Colleague: 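Structure below; questions to follow.
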Amino acid sequence: MKKKLIIMVLIILLIVACFIFFYNKERFNETTNESVLERKDDNMNDFTSKINLNINGNDFTVTLEDNETSRELVNRLPLSITMNELNGNEKYYYFDDALPSNSKRVGKINKGDVMLYGDDCLVIFYESFTTSYSYTKIGTIDNSDNLEDVVGNNSVTVMITR
C-alpha cells in the first residue's frame, strides 16, 4: 500500500511539473513573440524619412518615399559620388550594384525629384518637364529653388548622408 501511495504521489508531482513547465513555456513564447514584434516595429520606425545632400558645398534635404528603393539607398549611406550632366535638366550616377525598383511612368518630372532609372541609375532633376520614361521615385528635395544654379552644366560632387 505504501508503494502505491508513493507511486501515486510521484505521478501527481510529475503531472504538476509537466503542467508548470508547459504553462511557463507558453508564457515564455508569448513574451518572446511580443519582444520580436516590438523589435520589428522598432526597426520599421528606424526608416529615415529624410536624408541630406551636399552638392558642391550646398546643403539640401530630401524627403524620402517609404519604399524598398529608398530603404536600400539609406542602407548604403554615406555616399560620395560624382553625378554627370544629361539633357540640361538632370544629373545621374550609375551604381555598381542594382537597387530594388518599381518603375512607373510618372508623366511629369518636377524640379527636385530624386528618382531611380532602371535599377541602378540615380537621377536628380533640376528642371520640371513631361516625360514618357519610367522611374522609381526615391524622394523630393524639400527646397529646390536654387538647385539649377548649384548644379550648373557640369558634373557635380554629391555627398549623401543621413
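Predicted model only: the values in this text are computed from it and were never measured.
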Colleague: Quick check: does any side chain N or O of N146 sit under 3.5 Å from a backbone N or O of D149, one acting as donor and the other as acceptor?
Modeller: no
Colleague: Under a 4.5 Å cut-off applied to non-hydrogen side-chain atoms, are K91 and N84 in contact?
Modeller: no
Colleague: Which atoms form the tightest heavy-atom contact between I160 and L53, and what is the distance?
Modeller: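 Taking every non-hydrogen atom into account, CG1-CD2, 3.5 Å.
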Colleague: Check whether any side-chain heavy atom of K104 sits under 4.5 Å from a side-chain heavy atom of S134, and report yes or no.
Modeller: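 The answer is no, as the side chains (C-beta and beyond) never meet within the 4.5 Å cut-off.
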Colleague: State whether the side chain of N52 and the backbone N or O of R162 hold a donor-acceptor pair below 3.5 Å, judged by distance alone.
Modeller: yes
Colleague: Quick check: closest heavy atoms across Y94 and C121, and the distance to 0.1 Å?
Modeller: CE2-CB, 3.5 Å
Colleague: Do L122 and I81 have side chains that get closer than 4.5 Å, going by heavy atoms?
Modeller: yes
Colleague: How far does CG of N87 sit from CG of N89, to the nearest 0.5 angstrom?
Modeller: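 Separation between the atoms: 5.0 Å.
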Colleague: Any heavy-atom pair between the side chains of T140 and N110 that's under 4.5 Å?
Modeller: no
Colleague: What distance do L147 atom CG and D113 atom CG have between them, rounded to the nearest 0.5 Å?
Modeller: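 So the gap between those two atoms works out to 10.5 Å.
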Colleague: Do the side chains of T157 and M83 get nearer than 4.5 Å, heavy atoms only?
Modeller: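 Of all side-chain heavy-atom pairs linking T157 with M83, none is under 4.5 Å.
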Colleague: Test salt bridge (Lys or Arg N to Asp or Glu O under 4.0 Å) on D142 and K50; report intermediate values, then the result.
Modeller: CA-CA 9 Å; D142 293 342; K50 298 210 182 251; 3.0 Å; yes
Colleague: Tell me whether L116 shares a hydrophobic cluster with I51, the cluster being built from Ile, Leu, Val, Met, Phe, Trp, Tyr side chains joined at under 4.5 Å.
Modeller: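 Same cluster: L116 reaches I51 through Ile, Leu, Val, Met, Phe, Trp or Tyr contacts under 4.5 Å.
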Colleague: Compare every heavy atom of D120 with every heavy atom of A98, then report the nearest pair and how far apart it is.
Modeller: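 That would be CA-CB, 4.3 Å.
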Colleague: Linking I/L/V/M/F/W/Y whenever their side-chain heavy atoms sit closer than 4.5 Å, directly or via other members, would V123 and F95 fall into one cluster?
Modeller: no
Colleague: Give a yes or no on whether V150 and V158 share a hydrophobic cluster (residues Ile, Leu, Val, Met, Phe, Trp, Tyr; joining criterion: side-chain heavy atoms under 4.5 Å apart).
Modeller: yes
Colleague: The test is side chain to side chain contact (heavy atoms under 4.5 Å, CB included); show your working for R71 and V74 and say whether it passes.
Modeller: CA-CA 5 Å; R71 287 178 187 280; V74 168; 5.8 Å; no
Colleague: Before giving the answer on side chain to side chain contact (heavy atoms under 4.5 Å, CB included), spell out for K108 and S128 the whole-Å C-alpha distance, their side-chain angles and the decisive distance to 0.1 Å.
Modeller: CA-CA 7 Å; K108 182 169 176 32; S128 298; 3.8 Å; yes
Colleague: Is P78 close to T161 at the side-chain level, that is, under 4.5 Å between some pair of heavy atoms?
Modeller: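 In short, these two side chains touch, coming nearer than 4.5 Å.
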Colleague: To the nearest 0.5 Å, what is the distance between CD1 (I55) and CE (M159)?
Modeller: 13.0 Å
Colleague: Does NZ or CZ of R105 come closer than 6.0 Å to the centre of the six-membered ring of Y135, within 45° of the ring's axis?
Modeller: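 No, R105 does not lie over the aromatic ring of Y135.
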Colleague: Identify the two heavy atoms, one from R76 and one from L99, that lie closest to each other, and give their separation to 0.1 Å.
Modeller: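 That would be NH1-CD1, 3.4 Å.
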Colleague: Might you point out which heavy atoms bring M115 and K137 nearest each other, and give the distance in Å?
Modeller: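 Where M115 meets K137 most closely, the heavy atoms are SD-CA, 3.6 Å.
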Colleague: Examine the side chains of E90 and Y117 and answer whether a donor and an acceptor come within less than 3.5 Å of each other.
Modeller: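 No pair is found: no donor N or O on one side chain lies under 3.5 Å from an acceptor on the other.
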Colleague: Among the clusters formed by ILVMFWY side chains lying less than 4.5 Å apart, do Y126 and Y93 turn up in the same one?
Modeller: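 Hydrophobic grouping puts Y126 with Y93.
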Colleague: Has Y133 got more than 12 heavy atoms of other residues, nucleotides or ligands less than 6.0 Å from its OH?
Modeller: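 12 or below, so no.
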Colleague: Identify whether the distance between the nearest side-chain nitrogen and carboxylate oxygen of D145 and K111 falls below 4.0 Å.
Modeller: no
Colleague: About how many Å separate CG of L79 and CG of L73, when rounded to the nearest 0.5 Å?
Modeller: 6.5 Å
Colleague: On a heavy-atom basis, which atom in S70 and which in I138 lie closest, and how many Å separate them?
Modeller: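 For S70 and I138, the tightest heavy-atom pair comes out as OG-O, 2.9 Å.
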Colleague: Find out whether T131 and V106 are in side-chain contact, i.e. whether some heavy atom of one side chain is under 4.5 Å from a heavy atom of the other.
Modeller: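 Of all side-chain heavy-atom pairs linking V106 with T131, at least one is under 4.5 Å.
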Colleague: Can you tell me if N153 has over 12 outside heavy atoms packed within less than 6.0 Å of its CG?
Modeller: no
Colleague: Less than 4.5 Å apart, any side-chain heavy atom of V151 and any of I124?
Modeller: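 No. Closest side-chain heavy atoms not under 4.5 Å.
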Colleague: Got a second to check how far L86's CG is from Y92's OH, nearest 0.5 Å?
Modeller: 6.0 Å
Colleague: Under 3.5 Å, is there a donor on one side chain and an acceptor on the other for T136 and N102?
Modeller: no
